[in-house]
Protein chains: 2
Amino acid sequence: MARTGRPREFDKDKTLARAVELFWSRGYGATSIQDLVDALAVERGSLYGTFGDKRRFYLDAVRLYWDVYERHLITALDTTPLLPALREILTHPARLDELISDVGTPHGCMVGNTSAELVPHDAEATQVVTHSYRRFTDLVTDALRRAQSTGEVTDSAAPEAQAQLLLYVVQGLSLVSRAGLDRAAALSAIDTAIDALRA
Amino acid sequence: MARTGRPREFDKDKTLARAVELFWSRGYGATSIQDLVDALAVERGSLYGTFGDKRRFYLDAVRLYWDVYERHLITALDTTPLLPALREILTHPARLDELISDVGTPHGCMVGNTSAELVPHDAEATQVVTHSYRRFTDLVTDALRRAQSTGEVTDSAAPEAQAQLLLYVVQGLSLVSRAGLDRAAALSAIDTAIDALRA
DNA sequence: CAACTTCTTGACTGGGCGTTCAAGAAGTCA
DNA sequence: TGACTTCTTGAACGCCCAGTCAAGAAGTTG
């Protein structure tokens, strides 16, 4: 059973990565197939043939977004001391860490945006969002547990509760930053959260 | 210039309040005019005559949502001690405080949902969201400043930074709770946040 | 009652949406 | 080369959407 035929003219992975950008900034509903055709320079039929319908395409984009963030998360959490890494993780989706000043308004976290727009009435979207949140809290909980044992992080609260709170903070910052970002105020707030973790 | 004519058969305020429910749970894009006609029992023409187009209608609903929450906020913040009130405020949009167990998945905060779906590409929505966030931080900052002076709240951080952080927490909790809510885990996280404010 | 104003009703419109599909192009394989 | 498979292209389709409008109903005013 040979799988021959005319080869695809565009790079599937790169196209999906560019679709992430579009879906991320505009959301699911406000991004039309025509927008994607224009931005990706791939015709409608090819998009449908390669990625299935719009929902599949979008959800694949969210999954890719999360995979990239999770890799970043795992790398960052594997450092000592932990608190500077946590600070970076919290500020990352809101692009607070970018040095350029004219970064424009950030798009927030794509998982959070999906939660607001498609959850709970879309079951598959709900599953993707739930999975991502769960991975975040699991990974951060482990890191906090280690940092508690070394005495870097206070054990006045359970690492699970601390991690859950950090999820709220990062999702909240991402969301609020869509409406415009006062960098200094945001960083002060994040530092307040990080300081509260200090032993 | 008399303003006579056939009187409106429905209650404008009550209808707007019911529209809040619908827009809140489904969002802007996923709520069609037909949905509103069906749910509100008011014909299309009357809705358009009374509330203008869909965007106006939605934004008025968001404004009403915020007004109600803000009144609640002002009342709650005017109490001593402050920390239990803050705890209640944080849990309120996620309906963590409701006693009934089958509350279903909460809709999150309607302002936050608007931020995810319409901001920043809709200027008026952005203004509504920005205004709401600003009011929240201003009101909470004042309350925290008073509570710092009485010694209830730690002065290890500026009240502005504490208030901004609480905005992130409440927005994050609201958003995350759309994907399903582990009440105990959420309350532990919120308690961790509140404890960090204690002097 | 008659004139006037506003509200109600629901059929209608035009447009944009997601999606499909047929015909041709570009490869592989024997 | 010729059969076969897959990809590309863009026109076409049907649907549902937000929004309009004309005709009638229900009030007020003098």
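Worth knowing before you read on, the calculation uses all heavy atoms, side chains too, and leaves out hydrogens, waters and symmetry mates.
- Within a 6.0 Å sphere centred on CG of A/Asp155, heavy atoms belonging to other residues, nucleotides or ligands number more than 12.
- Between the CD atom of B/Glu43 and the P atom of D/dA23 there is a distance of 19 Å, rounded to whole Å.
- Nearest to the side-chain atoms of B/Glu9 among the listed nucleotides D/dG19, C/dT9, D/dA11 stands C/dT9.
- With contacts defined as side-chain heavy-atom distances shorter than 4.5 Å, the pair B/Tyr168/A/Gln171 does not qualify.
- In this entry the distance linking CG of B/Asp38 with P of C/dG10 reads 12 Å, nearest Å.
- Between B/Arg44 atom CZ and C/dT13 atom P the separation is 14 Å, expressed in whole Å.
- Nucleic acid contact for B/Gly49: none, since no nucleic acid atom lies under 4.0 Å from a heavy atom of the residue.
- As a whole-Å value, the separation of B/Asp53 CG from D/dC17 C1' is 13 Å.
- Rounded to whole Å, atom C1' of D/dA18 lies 17 Å from atom OH of B/Tyr58.
- The distance from atom NZ of B/Lys54 to atom C1' of D/dT20 is 17 Å, rounded to the nearest whole Å.
- In this structure the side chain of A/Leu77 reaches within 4.5 angstrom of the side chain of A/Leu86, judged on heavy atoms.
- Using a 4.0 Å heavy-atom distance criterion, B/Phe10 is classed as a sugar-phosphate-only contact.
- A side-chain donor-acceptor contact under 3.5 Å links B/Arg178 to the backbone of B/His107.
- Rounded to an integer number of Å, the gap from CD of B/Gln34 to P of C/dG10 is 11 Å.
- Closest contact between the side chain of A/Ser32 and the listed nucleotides D/dT9, C/dT9, C/dG18 involves C/dG18.
- To the nearest angstrom, P of C/dC17 lies 11 Å from CG of A/Leu36.
- In terms of position along DNA chain D, the nucleotide closest to A/Leu47 lies nearer the 5' end than the nucleotide closest to the other residue of the pair B/Gly45 and A/Leu47.
- When heavy atoms are screened at a 4.0 angstrom cut-off, A/Ile33 is found touching base atoms of the nucleic acid.
- A/Ile89 places none of its side-chain heavy atoms less than 4.5 Å from the side chain of A/Val170.
- Regarding contacts with the backbone of C/dT8, a side-chain N or O of B/Ser46 is found under 4.0 angstrom from either OP1 or OP2.
- Closest contact between the side chain of A/Tyr48 and the listed nucleotides C/dT9, C/dG18, D/dG19 involves C/dG18.
- Distances were taken from every side-chain heavy atom of B/Pro7 (C-beta onward) to each of C/dG18, C/dT9, D/dG27; the shortest belongs to D/dG27.
- Contact annotation: B/Arg8 side-chain N/O to C/dC7 OP1/OP2 distance is under 4.0 Å.
- The base of C/dT28 is not paired with the side chain of A/Arg6 by any donor and acceptor separated by under 3.5 Å.
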